[in-house]
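Read through the structure below, which is laid out as structure tokens, and then see the notes.
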Amino acid sequence: MKNLKVILLLGCLLPACSLLQSEPEKVQGSYYADDAERYRQNVAVKAQTPDFVTYEYKDIRIDELAPLAAVYCDNQGGKQAYLREIVLYRNNLRRATFDCLNLAMQK
């Protein structure tokens, strides 16, 4: 019975001890102040014409990059952005090419 009381006491105290521990320190430089800062540091335009745009990126998902291409293509005469390809580049960078197409005008 004494062992059971000790086990119950430890079972109640261990979660309380874990609450008292502070959060691990955040590594400086691993967080960005805002999304704009993250985009500035991780996305670069490598090629652009009125028909396509190529971005080189890291630490960003492709679904976060697609709105940039959509805005670029919209500024090229109301076109829509369509992902053509993603290529793994050197140093774990990726390059994504978006075509700017106006499908309403094509037949």
Side-chain angles (χ1 to χ4, degrees):
M1 189 72 168
K2 191 174 187 182
N3 288 338
L4 182 59
K5 288 181 182 178
V6 170
I7 292 173
L8 288 174
L9 181 65
L10 286 176
C12 293
L13 290 179
L14 287 178
C17 291
S18 66
L19 291 175
L20 295 176
Q21 293 177 350
S22 63
E23 291 184 21
E25 292 183 20
K26 295 178 181 177
V27 178
Q28 190 174 16
S30 66
Y31 295 98
Y32 302 100
D34 58 8
D35 282 340
E37 180 66 25
R38 187 167 65 111
Y39 279 89
R40 275 192 293 278
Q41 291 184 14
N42 296 308
V43 178
V45 176
K46 290 300 181 179
Q48 61 184 7
T49 69
D51 297 325
F52 75 90
V53 62
T54 300
Y55 295 105
E56 186 174 86
Y57 64 99
K58 63 179 179 179
D59 198 25
I60 298 258
R61 296 186 325 257
I62 192 68
D63 65 325
E64 295 175 301
L65 188 60
L68 291 176
V71 169
Y72 175 81
C73 290
D74 188 50
N75 290 337
Q76 301 302 315
K79 298 178 182 178
Q80 294 178 337
Y82 292 92
L83 180 63
R84 180 194 317 164
E85 66 181 349
I86 300 173
V87 177
L88 185 61
Y89 203 61
R90 56 181 97 138
N91 296 332
N92 291 326
L93 296 172
R94 292 172 200 88
R95 286 193 175 182
T97 301
F98 291 87
D99 289 323
C100 298
L101 302 173
N102 190 351
L103 294 181
M105 300 296 283
Q106 295 179 356
K107 290 187 179 189

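Model, not experiment: these values are computed from the prediction.
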Step-by-step side chain to side chain contact (heavy atoms under 4.5 Å, CB included) determination, Gln76 to Thr49: CA-CA 9 Å; Gln76 301 302 315; Thr49 69; over 6 Å; no
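- In this structure, Ala70 has no side chain to side chain contact (heavy atoms under 4.5 Å, CB included) partners at least two apart in sequence or on a different chain.
- A search for salt bridge (charged side-chain N to carboxylate O under 4.0 Å, His left out) contacts involving Glu64 returns Arg38, not counting sequence neighbours.
- Residue pairs meeting the side-chain hydrogen bond (donor to acceptor under 3.5 Å, both in side chains) criterion with at least one member in residues 80-92, sequence neighbours excluded, are Gln80-Tyr82, Arg84-Asp99.
- For residues 66-78, there are no salt bridge (charged side-chain N to carboxylate O under 4.0 Å, His left out) pairs, not counting sequence neighbours.
- By the 4.5 Å side-chain criterion applied to Ile, Leu, Val, Met, Phe, Trp and Tyr, Tyr57 is assigned to a cluster that also includes Tyr39, Val43, Val45, Val53, Tyr55, Ile60, Ile62, Leu65, Leu68, Tyr72, Leu83, Ile86, Phe98.
- The salt bridge (charged side-chain N to carboxylate O under 4.0 Å, His left out) search around Arg94 returns none, not counting sequence neighbours.
- In terms of heavy atoms, Glu37 sits closest to Gln41 at OE2-NE2, 2.5 Å.
- Sorted by first then second residue, the disulfide (SG to SG under 2.5 Å) pairs that include residues 65-101, not counting sequence neighbours, are Cys73-Cys100.
- The salt bridge (charged side-chain N to carboxylate O under 4.0 Å, His left out) test applied to Lys46 returns Glu56, not counting sequence neighbours.
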